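Remarks on the structure that follows.
None of these values were measured; they are calculated from a predicted model.
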Amino acid sequence: FPTRRSSDLNLRFEIFNIQLSVIEVVGAVIGLAYLFFEYRASIWTWVFGVLMPVVYVYLFFRNGLYANMSLNIYYIIASVYGFVAWRQAGTRTSDETRIESCPKRLALPIAGVVIALAAGLTLLLSQLDESQYPLLDGLTASLSIVMMYMLSRRWYQQWLLCILTEPLMIALGILTGMWATALMYTVYLVVAIMGFVSWRKKYFSPTNPTETACTTTPTPKNNTSTKP
């Protein structure tokens with residue numbers, strides 16, 4: 001592993017002979033909060049979507065996972081965009097938003113984008129001496145980039161990419177000794193399966209807000225006064 005591990009800036013503690021860093025545990029807790037609100041299709045997911053990457057930019061850099069480090073910088077920007085997009089689609093009475101479906105015509109282009117990104121990132125990372133596991137790093141980052149875009153569009157199929165990504169992230173967590181992160185992504189995998197079922201059910205549910213209901217329109221004023 002890179003020598004920068006020896007200059008670790010965070011405190012550590014031990015549970016069952018496993019070394020954990022305090023900052024990683026904090027990041028994992030924030031990540032679980034993010035997942036909770038994502039499962040509920042709540043706009044609050046984007047608030048935690050800004051906080052979590054701040055921690056993981058440092059953690060992934062420390063462990064030589066440069067694609068995922070860069071991805072978390074993208075997450076911060078994407079979370080701001082997602083918050084704005086969901087707020088525009090939100091209702092006045094609920095923080096939940098309408099669930100949408102990815103158009104079938106976009107399935108192949110999305111797959112092509114994932115493959116192209118993964119190939120390009122893996123090639124780039126393999127040229128960096130300190131890059132750890134370039135194939136896993138590049139592939140998970142590529143899946144996550146597309147998944148974040150799909151989430152911002154509120155497509156329930158984003159959970160399918162999540163289900164594909166989480167086992168790879170669990171493997172990266174174990175390989176790099178980030179045990180709290182591996183545990184977090186194990187929970188993510190379980191919730192991703194539940195999330196796909198839940199969001200798909202909401203999409204086909206008659207209670208799924210309509211586009212009209214999701215659009216906030218100003219209430220016209222009833223001005224009955226007359227000018228003198």
Side-chain angles (χ1 to χ4, degrees), residues 31 34-35 37-46 48-50 52-53 67-68 70-91 94-125 135-169 172 185 188-216:
Y34 168 87
L35 184 64
F37 288 111
E38 182 183 6
Y39 177 78
R40 289 174 52 86
S42 169
I43 196 171
W44 281 95
T45 191
W46 298 112
F48 289 93
V50 172
M52 178 183 168
N68 274 280
S70 302
L71 175 65
N72 276 268
I73 297 174
Y74 160 77
Y75 275 172
I76 297 174
I77 300 171
S79 292
V80 174
Y81 167 78
F83 180 85
V84 173
W86 279 37
R87 188 171 181 81
Q88 290 177 346
T91 65
S94 173
D95 65 352
E96 293 190 0
T97 57
R98 174 177 171 82
I99 303 301
E100 302 285 1
S101 178
C102 176
K104 292 182 179 179
R105 69 179 185 277
L106 296 181
L108 286 179
I110 286 175
V113 168
V114 171
I115 293 172
L117 280 174
L121 286 174
T122 300
L123 180 62
L124 176 63
L125 292 169
L135 178 58
L136 278 176
D137 194 14
L139 180 56
T140 53
S142 302
L143 286 166
S144 298
I145 288 171
V146 176
M147 180 174 62
M148 179 64 80
Y149 172 76
M150 294 176 70
L151 174 61
S152 72
R153 305 305 300 170
R154 309 183 309 282
W155 294 341
Y156 72 85
Q157 291 91 343
Q158 64 97 9
W159 289 108
L160 293 176
L161 267 67
C162 191
I163 292 170
L164 291 175
T165 306
E166 307 315 352
L168 302 178
M169 292 303 299
L172 276 177
Y185 281 114
Y188 270 35
L189 177 58
V190 175
V191 177
I193 298 171
M194 297 169 58
F196 175 75
V197 174
S198 175
W199 277 38
R200 187 176 186 277
K201 183 178 179 180
K202 287 180 181 179
Y203 173 72
F204 289 105
S205 171
T207 60
N208 192 23
T210 62
E211 288 294 343
T212 302
C214 285
T215 305
T216 302

- Tyr75: ring pair (Phe, Tyr, Trp, His ring centres under 6.0 Å) partners, not counting sequence neighbours: none

- Name all residues meeting the side-chain contact (heavy atoms from CB on, under 4.5 Å) criterion together with Val113; count only those two or more places apart in sequence or in a different chain, and write none if there are none. Leu117, Val146

- Just jot down the side chain to side chain donor-acceptor pair (under 3.5 Å) partners of Ser79, sequence neighbours excluded, or say none. none

- Task: Please report the shortest heavy-atom distance between Tyr81 and Ser152, naming the atom on each side.
- Result: CE2-OG, 3.5 Å

- Between Thr45 and Tyr34 the two heavy atoms that sit nearest each other are O-CD1, 2.9 Å

- Query: Is the backbone N or O of Met194 less than 3.5 Å from a side-chain atom of Ser198, with the two atoms forming a donor-acceptor pair by type?
  - Reply: no

- Task: Can you label the angle between the Trp159 ring and the Trp199 ring as parallel, tilted or perpendicular, going by 30° and 60°?
- Result: perpendicular

- Would you please test Arg98 and Glu100 for salt bridge (Lys or Arg N to Asp or Glu O under 4.0 Å) and show each step? CA-CA 6 Å; Arg98 174 177 171 82; Glu100 302 285 1; 3.0 Å; yes

- Any side-chain heavy-atom pair from Ile73 and Pro53 closer than 4.5 angstrom? no

- Query: Can you name the side-chain contact (heavy atoms from CB on, under 4.5 Å) partners of Thr165, sequence neighbours left out?
  - Reply: Thr140, Leu143, Ser144, Met169

- Closest non-hydrogen atom pair, Leu121 against Ala141: CD1-CB, 4.0 Å

- Please name all residues satisfying ring pair (Phe, Tyr, Trp, His ring centres under 6.0 Å) with Tyr185, sequence neighbours left out, ordered by chain then number. Tyr188

- Note on the structure: By ring pair (Phe, Tyr, Trp, His ring centres under 6.0 Å), Phe48 pairs with (sequence neighbours left out) Phe37

- Item | Residue list, side chain to side chain donor-acceptor pair (under 3.5 Å) with Gln157, at least two apart or on another chain | Ser101

- Any side-chain heavy-atom pair of Trp46 and Leu151 under 4.5 Å: yes

- Message: I need the minimum non-hydrogen distance between Ile99 and Lys202, along with the two atoms involved.
- Response: CG1-CB, 4.0 Å

- Go through the structure and list residues passing ring pair (Phe, Tyr, Trp, His ring centres under 6.0 Å) with Tyr74, not counting sequence neighbours. none

- Minimum heavy-atom distance between Val114 and Ser142, given as atom pair plus value: O-CB, 3.7 Å

- Message: So, using side-chain contact (heavy atoms from CB on, under 4.5 Å) as the criterion, who are the partners of Ile77 when residues are at least two apart?
- Response: none

- Could you tell me whether the side chain of Ile193 reaches within less than 4.5 Å of the side chain of Ile163, counting heavy atoms only? yes

- Item | For Pro103, side-chain contact (heavy atoms from CB on, under 4.5 Å) partners two or more places apart | Arg105, Leu106, Trp155

